Amino acid sequence: MNIEKKLAEKTIEALHSLYGATIEKVVFEKTNPDFVGDLTLVVFNFLKISKKKPEETATEIGNFLKTHIAEVADFNVVKGFLNLVIDNSFWLNYFKFINGKPFINDTLAENAPTVMVEYSSPNTNKPLHLGHVRNNLLGYSVAEILKAAGNKVIKVNLVNDRGIHICKSMLAWQKWGNGETPESSGMKGDHLVGKYYVEFDKNYKLQIADCKLKGLSDEEAEKQAPLMIEAQEMLLKWEAGDKEVRTLWEMMNSWVYKGFEATYKMMGVNFDKTYYESNTYILGKNIIDDGLAKGVLKRRADNSIYIDLTPDGLDEKTLLRGDGTSVYMTQDLGTAVQRAEETPFDKLIYTVGNEQDYHFKVLFLILKKLGYKWADGLFHLSYGMVELPEGKMKSREGTVVDADDLMKVMVETAAATTKELGKHEGLSDAEAEKLFYTIGMGALKYFILKVDPKKKMLFNPAESIDFNGNTAPFIQFNYVRIQALLRKAGEGWDFHDIDVFTHNITLLPKEKELIIKLYNFNATLQQAAIEYSPAVIANYVYELAKEYSQYYHDTPILKEHQKDLVLFRLQLSKIIGNAIRSAMQLLGIEVPDRM
RNA sequence: GAUUCCGUAGCUCAGCUGGAUAGAGCAACUGCCUUCUAAGCAGUAGGUCAAGAGUUCGAAUCUCUUCGGGAUCACCA
């Protein structure tokens with residue numbers, strides 16, 4: 001059922017037969033809506049071969065295709081554009097073909113490639129904010145898209161649960177916490193720990209100021225402030241396995257995990273496996289020996305180990321300090337190698353912001369130089385920062401948008417809007433709550449995912465996220481209207497029995513467009529998978545919903561007098577509903593049955 | 001300074017493997033609910049695709065330069 005492929009093959013044949021030339025590849029594109037036709041071939045590139053005028057060349061190819069392909073009903077030529085009209089029977093055939101078939105096939109092929117998608121990867125010293133939300137939604141959605149596109153997907157989280165930042169929270173809690181717990185304070189665990197991180201920073205700043213008064217430079221002040229020295233000591237104790245420090249660490253981390261769990265649940269994301277840096281941070285040192293032996297890595301006079309990437313246009317990168325301790329890069333090398341050994345993958349995708357573009361460029365290059373074959377399958381899913389009207393979010397300046405707060409506000413707004421419109425009537429309290437959640441979270445997710453991941457995006461807290469226009473609630477609304485139609489039609493209709501041919505259905509232009517849209521579902525999914533871009537899906541499902549909305553407005557469905565047409569339109573609606581639900585599912589967005 | 005990403009309507013974004021007259025949504029203004037859910041539909045207005053040059057039959061799309069913005073350039077993570 002791939003008409004483009006058939007056309008391309010025949011066109012290559014036509015070029016050979018007409019002009020004796022061999023062309024590798026031809027591409028058909030959608031016909032511009034202002035012209036008659038469904039698919040268009042641009043013939044300018046073939047003029048060298050045909051040695052004829054554009055119009056003449058297009059006409060000759062058009063004639064060839066029309067006589068050799070039954071589905072080509074007609075064609076017209078405008079300048080160098082050959083517009084083909086595909087016969088309605090093809091689209092009806094396709095409609096029949098997808099009838100009752102799911103848009104997303106959840107059975108995987110035996111030889112499906114294994115793709116590991118790492119995302120989220122939070123620090124355990126503070127709660128998640130809007131930047132993390134983009135990361136999580138993006139990682140989850142890309143994983144779902146890759147799964148739907150036929151990959152065996154493993155979602156992993158690498159929790160940064162150790163290091164100086166956690167020690168800061170721990171130290172502040174020890175000093176000023178008075179034994180406060182999530183239970184005693186009624187605070188969510190991650191927020192409680194975050195509170196002490198802020199507390200640390202506040203006092204630390206005061207100390208820095210003090211030190212500077214005593215004549216220290218900025219850099220010296222930052223290093224010599226007593227709090228920082230204490231935090232460093234605590235980190236050393238942690239590394240030495242000090243019992244007291246470890247116990248505190250475990251307790252506070254457990255608070256954070258409980259908090260994260262709630263946030264993840266609200267966001268609707270999940271993981272197949274969670275790694276902890278406390279288990280992986282020592283990894284990588286053995287790789288260094290191997291790299292030295294291979295001559296890829298070099299040792300400096302002070303005993304530090306580095307790799308020279310200047311031939312590749314990058315810098316020298318240190319991998320082991322003079323004292324033998326490792327750096328972030330070392331750990332990432334080790335983690336990657338461990339994963340490749342544990343779970344051989346065809347691709348490993350790191351969902352990390354574009355501020356780390358350089359880091360991943362270097363990481364991948366080093367792994368390649370060390371000779372790991374799987375290094376070719378590494379990919380940095382680099383996404384742009386979320387910015388506020390006043391610029392980048394800065395936790396220290398208190399301009400972060402908290403993830404939990406934001407989600408709560410979204411659901412509350414959804415509730416208020418729904419009530420205002422009276423759309424909650426007839427629902428039980430539980431159903432209404434579920435609906436507010438579905439709409440509010442849908443609006444948030446769609447707002448974030450519709451933007452090309454690579455681009456930075458702007459979030460203005462002052463203007464609440466819209467529920468009209470190009471939004472999830474609009475798409476959900478169209479799904480709901482379809483469900484309402486199906487409910488009204490009742491159980492008595494046997495949709496699967498409609499034979500569009502024996503019933504002699506004449507397609508309305510909009511119906512044909514809608515079927516073509518459905519036909520494009522799979523190609524869109526593939527494109528989204530290749531580009532790692534949920535935005536491709538978001539744009540597609542919006543267009544589908546929009547066209548359906550127009551169709552619904554202009555065309556009687558249940559009110560149609562001819563029973564055959566009622567059946568056909570209901571079934572078309574039902575399939576579109578399925579397509580909408582499936583596409584939204586790829587974005588991690590649910591659809592309600594009524595709203 | 002070096003590297004890198006970005007600049008499309010007042011705002012938020014599509015379009016970018018070169019194709020026909022650059023599209024949506026929001027905001028503004030007009031119509032349309034006794035007719036399958038108006039979170040809707042239809043319409044008006046809004047553009048030097050940052051600027052310039054080049055390649056091409058054809059450039060928002062590719063190349064170069066300039067301007068403007070972000071990020072990175074630690075023996076931090």
Side-chain angles (χ1 to χ4, degrees), chain A residues 25 27 29 31-35 40 42-45 47 54 78-81 83 123 160 162-165 277 281 300 302-306 313-332 353-359 361-362 382 384-385 387 389 391-392 414 417-418 420-423 439 443 447 450-452 454-460 463 465-478 480-489 535-536 538-539 542-543 546 549-560 566 569-570 573 594-595:
Chain A
K25 195 183 164 196
V27 178
E29 48 198 89
T31 299
N32 186 309
D34 297 337
F35 297 87
T40 293
V42 184
V43 303
F44 289 109
N45 292 329
L47 302 185
V78 183
K79 292 187 280 181
F81 299 89
N83 302 317
N123 291 352
N160 186 4
R162 53 131 247 135
I164 191 71
H165 48 286
E277 286 199 11
Y281 81 105
R300 291 198 189 95
D302 67 355
N303 231 13
S304 62
I305 313 264
Y306 73 102
L314 304 170
D315 299 316
E316 286 185 358
K317 179 71 198 175
T318 300
L319 297 178
L320 221 49
R321 297 187 184 102
D323 62 4
T325 55
S326 57
V327 296
Y328 181 48
M329 185 65 77
T330 325
Q331 175 185 321
D332 267 6
N354 63 13
E355 56 201 351
Q356 293 197 36
D357 283 354
Y358 183 77
H359 173 80
K361 210 169 165 182
V362 171
S382 163
M385 298 289 101
E387 290 178 8
K392 210 184 158 185
T417 309
T418 305
E420 211 175 295
L421 295 169
K423 300 221 178 194
I439 294 172
F447 176 81
K450 77 171 176 185
V451 180
D452 183 340
K454 291 196 286 288
K455 297 195 176 177
K456 66 171 187 217
M457 62 175 295
L458 188 107
F459 175 78
N460 188 348
E463 300 168 16
I465 292 174
D466 235 297
F467 285 37
N468 297 320
N470 187 357
T471 66
F474 169 78
I475 297 162
Q476 290 168 327
F477 174 64
N478 280 288
V480 162
R481 291 207 287 204
I482 291 171
Q483 303 319 303
L485 282 178
L486 296 174
R487 270 196 305 275
K488 275 202 178 158
V536 170
N539 286 322
Y542 171 64
E543 277 175 34
K546 191 172 129 110
S549 189
Q550 294 163 347
Y551 176 64
Y552 178 92
H553 182 269
D554 296 339
T555 318
I557 296 172
L558 290 175
K559 290 183 187 272
E560 167 61 43
V566 174
R569 289 173 186 175
L570 271 174
S573 299
R594 47 189 93 208
M595 67 190 279

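Protein chains get the first letters and strands the later ones, always in sequence-line order, with residue 1 at the start of each. Treat the numbers as computed from the prediction; the structure is a model and nothing was measured.
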Determine which nucleotide pairs with [N], using a 3.5 Å limit on both distances of a Watson-Crick or G-U wobble pair.
N: B:C64; result: B:G52
N: B:U3; result: B:A71
N: B:A45; result: none
N: B:A27; result: none
N: B:G58; result: none
N: B:U37; result: none
N: B:U21; result: none
N: B:C16; result: none

The side chain of [X] is closest to which nucleotide in this list: [options]?
X: A:Thr418; options: B:A71, B:A39, B:C73; result: B:A39
X: A:Asp34; options: B:U3, B:U21, B:G70; result: B:U21
X: A:Leu458; options: B:C13, B:U72, B:C75; result: B:C13
X: A:Asp466; options: B:U35, B:C26, B:A14; result: B:C26
X: A:Tyr552; options: B:C13, B:A20, B:C36; result: B:C36
X: A:Lys455; options: B:C36, B:G19, B:G7; result: B:G7
X: A:Pro473; options: B:A39, B:U21, B:A20; result: B:A39

OP1 or OP2 of [N] sitting under 4.0 Å from any side-chain N/O of [X]?
X: A:Lys317; N: B:A74; value: no
X: A:Lys423; N: B:A39; value: yes
X: A:Ser549; N: B:G40; value: no
X: A:Lys79; N: B:C57; value: no
X: A:Lys546; N: B:G25; value: yes
X: A:Asn460; N: B:C11; value: no
X: A:Thr318; N: B:C75; value: yes
X: A:Arg481; N: B:A38; value: yes
X: A:Gln550; N: B:A42; value: yes

Short side-chain to backbone donor-acceptor contact, A:Arg162 and A:Glu277, under 3.5 Å: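 Not at all, since once roles are kept as given, no pair shorter than 3.5 Å links the two residues.
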
Donor-acceptor contact below 3.5 Å, side chain A:Thr330 vs main chain A:Leu319: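 Checking the backbone N and O of A:Leu319 against the side chain of A:Thr330, a donor-acceptor pair under 3.5 Å is found.
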
Please classify the nucleic acid contact of [X] as base, sugar-phosphate, or nothing, using heavy-atom distances under 4.0 Å.
X: A:Asn478; value: nothing
X: A:Phe474; value: sugar-phosphate
X: A:Asp357; value: nothing
X: A:Ile439; value: base
X: A:Phe467; value: base
X: A:Val42; value: base
X: A:Phe35; value: base
X: A:Thr330; value: nothing

Considering only the [atom1] atoms, how many Å lie between [N] and [M], rounded to the nearest integer?
N: B:A60; M: B:A50; atom1: C1'; value: 12 Å
N: B:C13; M: B:G47; atom1: C1'; value: 15 Å
N: B:U37; M: B:U12; atom1: P; value: 37 Å
N: B:A9; M: B:C49; atom1: P; value: 10 Å
N: B:A22; M: B:U61; atom1: P; value: 14 Å
N: B:C62; M: B:G19; atom1: P; value: 10 Å
N: B:U3; M: B:U44; atom1: C1'; value: 48 Å
N: B:G7; M: B:C64; atom1: P; value: 16 Å

Stacking check A:Phe477 vs B:G40 (5.5 Å / 30 deg): no

For the residue pair [X] and [Y], establish whether any side-chain heavy-atom pair is separated by less than 4.5 Å.
X: A:Ser549; Y: A:Arg481; answer: yes
X: A:Gln483; Y: A:Arg594; answer: no
X: A:Asp315; Y: A:Tyr358; answer: yes
X: A:Tyr552; Y: A:Leu485; answer: yes
X: A:Asn32; Y: A:Thr40; answer: no

RNA chain B: 5'-proximal contact among A:Lys450 and A:Asp323 (nearest heavy atom): A:Lys450

Closest-nucleotide 5' rank along RNA chain B - winner of A:Leu319 and A:Val27: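 Per heavy-atom nearest nucleotide, the more 5' residue is A:Val27.
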
Base orientation of B:C13, syn vs anti, 90° cut from 0: anti

Intermediate values then yes/no, side chain to side chain donor-acceptor pair (under 3.5 Å), A:Ser382 and A:Asp357: CA-CA 7 Å; A:Ser382 163; A:Asp357 283 354; 2.8 Å; yes

Smallest separation among heavy atoms of A:Ser304 and A:Gly322, with atom names: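 Closest approach of A:Ser304 to A:Gly322, heavy atoms only: CB-N, 3.7 Å.
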
Any N/O donor-acceptor pair, A:Asn83 side-chain to B:A20 base, under 3.5 Å: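 Looking at the base of B:A20, it does pair with a donor or acceptor on the side chain of A:Asn83 (distance under 3.5 Å).
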
Presence of donor-acceptor pair under 3.5 Å, side chain of A:Thr40 and base of B:A20: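 Side chain to base: pair present.
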
